[in-house]
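Below you'll find the structure, written out as structure tokens, and then a few comments.
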Amino acid sequence: MASQGAPSRARIGRIGERLAGRHLEDLGYTILDRNWRCAWRDVRGEIDIVAEGHGQLVFCEVKTRRRAVAGEAVEAVDARKLWQLRRLGAAWLADASWHGDEVRFDVVAVSWPPGGGSAEIVHVENVVA
């Protein structure tokens, strides 16, 4: 049971996704979708952020961790998760009217250092499975 005053895991995830979205916007991206869900028979899941900018469409997985080194959050996105993100990206494209040439898959990790302080953001572009 979480102690009183400690943010829940879901709340920490939402905060991390907001920070990741701001990070992408600061880099010049426009957020097209947040928490896009797909429930097709053979593809189920959620894309945390879909963004567009610099001539590219970016499907972004966000990982948020409390009391962690930023790299630990990035490492939580394994080959299976990246494969799922690619399938979801294809479903999003089938559902959307985006007409660009370049698509990439990124991971944004948001972590708070074990000693406290400000969140650290690590953005890994064009992650491949």
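Residue numbers run from 1 in the order of the sequence given.
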### Message
Walk me through whether Trp112 and Ile12 qualify under side chain to side chain contact (heavy atoms under 4.5 Å, CB included).
### Response
CA-CA 10 Å; Trp112 282 268; Ile12 290 292; 4.1 Å; yes
### Query
Between Leu88 and Cys38, which heavy-atom pair has the shortest distance, and what is it?
CD2-CB, 3.7 Å
#### Entry: Pairwise side-chain contact, Leu57 with Leu32, heavy-atom cut-off 4.5 Å (strictly under)
yes
### Query
Can you find a heavy atom in the side chain of Arg86 that is under 4.5 Å from one in the side chain of Phe105?
yes
#### Entry: Any Arg87 side-chain heavy atom under 4.5 Å of Asp42 side chain
yes
### Query
Quick one: side-chain hydrogen bond (donor to acceptor under 3.5 Å, both in side chains) partners of Asn35, sequence neighbours excluded?
Glu17, Glu46
### Task
Check whether any side-chain heavy atom of Val108 sits under 4.5 Å from a side-chain heavy atom of Ile49, and report yes or no.
no
#### Entry: Exam field: side chain Asp106 to backbone Cys60, donor-acceptor pair closer than 3.5 Å
no
### side-chain hydrogen bond (donor to acceptor under 3.5 Å, both in side chains) partners for Trp92, two or more places apart
Asp33
### Minimum heavy-atom distance between Val110 and Ala119, given as atom pair plus value
CG1-CB, 3.9 Å
### Taking every non-hydrogen atom, the tightest pair across Gly89 and Ile47
N-CD1, 3.9 Å
#### Entry: For the student: nearest non-hydrogen atoms of Asp95 and Trp36, plus distance
OD2-CZ2, 3.9 Å
### Task
Over all heavy atoms of both residues, which pair between Glu102 and Gly55 is shortest? Give the atoms and the distance, please.
CB-O, 3.8 Å
Extract all donor-acceptor atom pairs below 3.5 Å that involve side chains of residues 20-30 and protein atoms in other chains or at least two apart in sequence.
unit_1 : atom_1 : unit_2 : atom_2 : d
His23  : NE2    : His123 : ND1    : 3.1
Tyr29  : OH     : Arg104 : NH1    : 3.2
Tyr29  : OH     : Arg104 : NH2    : 3.1

### Task
Locate the shortest heavy-atom distance separating Val43 from Ala91; write the atom from each residue and the value.
CG1-CB, 4.5 Å
### Task
Would you check if Glu52 and Trp98 make a side-chain contact, meaning some heavy-atom pair closer than 4.5 Å?
yes
### Query
Is the shortest heavy-atom distance from the side chain of Val58 to the side chain of Val50 under 4.5 Å?
no
